[in-house]
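Report on the following structure.
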Protein chains: 2
Amino acid sequence: MPKKISATESITAGAPVRERLLDTADRLFYREGVRAVGIDRVLAEAGAAKASLYAHFGSKDDLVAAHVERRAAAARGQIEAWQLKVPPAERALRFFDWVVEWTRTEGYRGCPLQHIVAEVCDPQHPARTIVAAQRAWMQGKFLEWSKAARVADPRAVAGALYVLFDGAVVASEHDGVRRAREARWAAERLLAG
Amino acid sequence: MPKKISATESITAGAPVRERLLDTADRLFYREGVRAVGIDRVLAEAGAAKASLYAHFGSKDDLVAAHVERRAAAARGQIEAWQLKVPPAERALRFFDWVVEWTRTEGYRGCPLQHIVAEVCDPQHPARTIVAAQRAWMQGKFLEWSKAARVADPRAVAGALYVLFDGAVVASEHDGVRRAREARWAAERLLAG
DNA sequence: TCCGAAATAGACAGACCTGTCTGTTTTGAT
DNA sequence: ATCAAAACAGACAGGTCTGTCTATTTCGGA
């Protein structure tokens with residue numbers, strides 16, 4: 001008799017258990033928050049045993065960190081790939097097209113990295129160090145793009161663009177895509193002047 | 001023998017119990033998050049009995065909502081008062097001075113209203129409706145100030161300023177006041193052009 | 001076919017959570 | 001001084017949480 005496959009675990013059923021756990025945790029943690037989702041929910045929806053989770057990840061905190069690292073790495077990968085299709089001088093502005101697309105995606109609920117900082121107040125938490133690293137990486141990108149855009153003050157513009165980006169991400173969570181578009185409009189004016 | 005006063009409850013000890021509870025909840029919820037703080041913590045630090053909490057607030061969710069409403073009302077009050085000291089045409093820009101001051105305050109940890117949306121995924125939660133109302137109010141303010149600043153496109157500028165505001169608030173939580181200052185710099189350029 | 005590694009199932013401990021309920025003490029107004 | 005409302009103290013129920021542990025099953029390679 002074939003192994004039973006429940007509706008909730010159908011997406012990654014059959015995959016190695018570590019992948020199944022991370023896929024499920026990633027989805028639930030983003031959708032409902034890392035504190036609201038317990039281990040048992042993840043195990044049930046992943047169709048995995050508790051011992052497997054602790055063998056692969058060690059603790060819930062480390063599972064949360066793995067989820068954050070996966071999201072961060074995915075974002076870096078997408079941004080790097082997207083970059084290649086855009087001339088360097090246009091990247092600072094057209095990055096906001098990428099943001100608009102992101103905030104338009106089904107089930108968009110804001111930035112998981114921002115959420116972690118809201119949910120986990122301990123700055124020593126493994127997930128928080130990943131967030132800090134990602135922010136440093138993003139800061140570097142904004143500076144690189146601002147320089148390539150040949151603006152008068154690349155450092156100031158890079159900082160302003162980062163604020164616009166953070167704002168677009170969180171404001172779109174509340175008010176919808178219009179905020180991401182407004183951020184793009186603002187970015188255009190900052191880069192033009 | 002005088003009533004014992006513990007160190008943690010010293011700030012509002014002696015005040016009516018409802019006020020004591022709300023003060024304590026407000027402080028703990030903001031500092032550690034509404035899910036991380038249980039009512040037993042609130043009761044212990046407020047020096048109150050459980051029955052008092054449920055008599056005055058009905059449930060933890062309603063206590064959370066009261067905390068959010070208090071923060072929202074305090075922000076409205078501060079902004080209305082600050083407004084009076086600034087000529088209408090300068091309000092859009094100089095609002096960001098207010099933001100800089102806020103993000104400089106001791107123990108600043110971002111916007112409690114943004115945190116609520118990250119922590120509570122149910123849009124029907126009483127606290128979420130308060131957040132939505134506050135955002136509508138802020139949107140009105142930005143539009144009013146943008147019109148008074150006599151910019152070419154007040155609606156677009158108002159939207160951009162709101163994104164900058166959200167961004168300043170969340171980015172300063174991660175990276176410190178510099179982000180709020182960068183937001184002010186960007187606002188100045190948006191309002192000048 | 002057999003063996004070992006990996007995964008599963010699930011009981012269990014110990015802590016914490018919200019909310020209810022009972023009984024006692026305090027307090028303030030008459 | 002008396003009485004009623006309010007607050008306190010704390011047990012209790014019923015649930016959830018993370019993490020550990022034991023025992024069983026699955027499965028691929030030699």
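Below, chain A is the first sequence line, B the second, and so on; all start at residue 1. Side chains are part of it too, since the values below use all heavy atoms of this structure and drop only hydrogens, waters and symmetry mates.
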Look for any protein N or O under 3.5 Å of an N or O in nucleotides 17-21 of chain D and output each such pair with its distance, or none.
unit_1  : atom_1 : unit_2   : atom_2 : d
dT18(D) : OP1    : Lys60(A) : NZ     : 2.8
dT18(D) : OP2    : Ile39(A) : N      : 2.6
dG19(D) : OP2    : Tyr54(A) : OH     : 2.9
dG19(D) : OP2    : Lys60(A) : N      : 2.8
dG19(D) : N7     : Lys50(A) : NZ     : 3.1
dG19(D) : O6     : Lys50(A) : NZ     : 2.6

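Looking at Asp122(A) and Arg128(A), no side-chain N of the basic residue comes within less than 4.0 Å of a carboxylate O on the acidic one, giving no salt bridge. Under 4.0 Å is where a charged nitrogen must lie from a carboxylate oxygen, and between Arg76(A) and Glu80(A) no such pair does.
The shortest distance between the side-chain N/O atoms of His56(A) and the OP1/OP2 oxygens of dA6(C) is not below 4.0 Å. Ser52(A) has no side-chain polar atom (N or O) that falls below the 4.0 Å cut-off from OP1 or OP2 of dA7(C).
Pairs passing the salt bridge (charged side-chain N to carboxylate O under 4.0 Å, His left out) check and including a residue from residues 174-188 of chain A, sequence neighbours excluded, read Asp97(A)-Arg184(A), Asp175(A)-Arg179(A), Asp175(A)-Arg135(B), Arg178(A)-Glu182(A), Arg179(A)-Glu182(A), Arg184(A)-Glu188(A).
Atom CG of Leu43(A) is separated from atom P of dA9(C) by 10 Å (rounded to the nearest Å). In this entry the distance linking CG of Leu63(B) with P of dT18(C) reads 10 Å, nearest Å. Glu32(B) places its CD atom 16 Å from the C1' atom of dC17(C), with the value rounded to the nearest Å.
Heavy atoms from other residues, nucleotides or ligands lying under 6.0 Å from CZ of Arg104(B) number 12 at most. Around atom CZ of Arg155(A), no more than 12 heavy atoms belonging to other residues, nucleotides or ligands sit under 6.0 Å away.
Ala55(A) comes within 4.0 angstrom of no nucleic acid atom, judged by non-hydrogen atoms across all strands.
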Evaluate side chain to side chain contact (heavy atoms under 4.5 Å, CB included) for His115(A) paired with Phe29(A), printing each intermediate quantity in order.
CA-CA 10 Å; His115(A) 288 180; Phe29(A) 285 164; over 6 Å; no

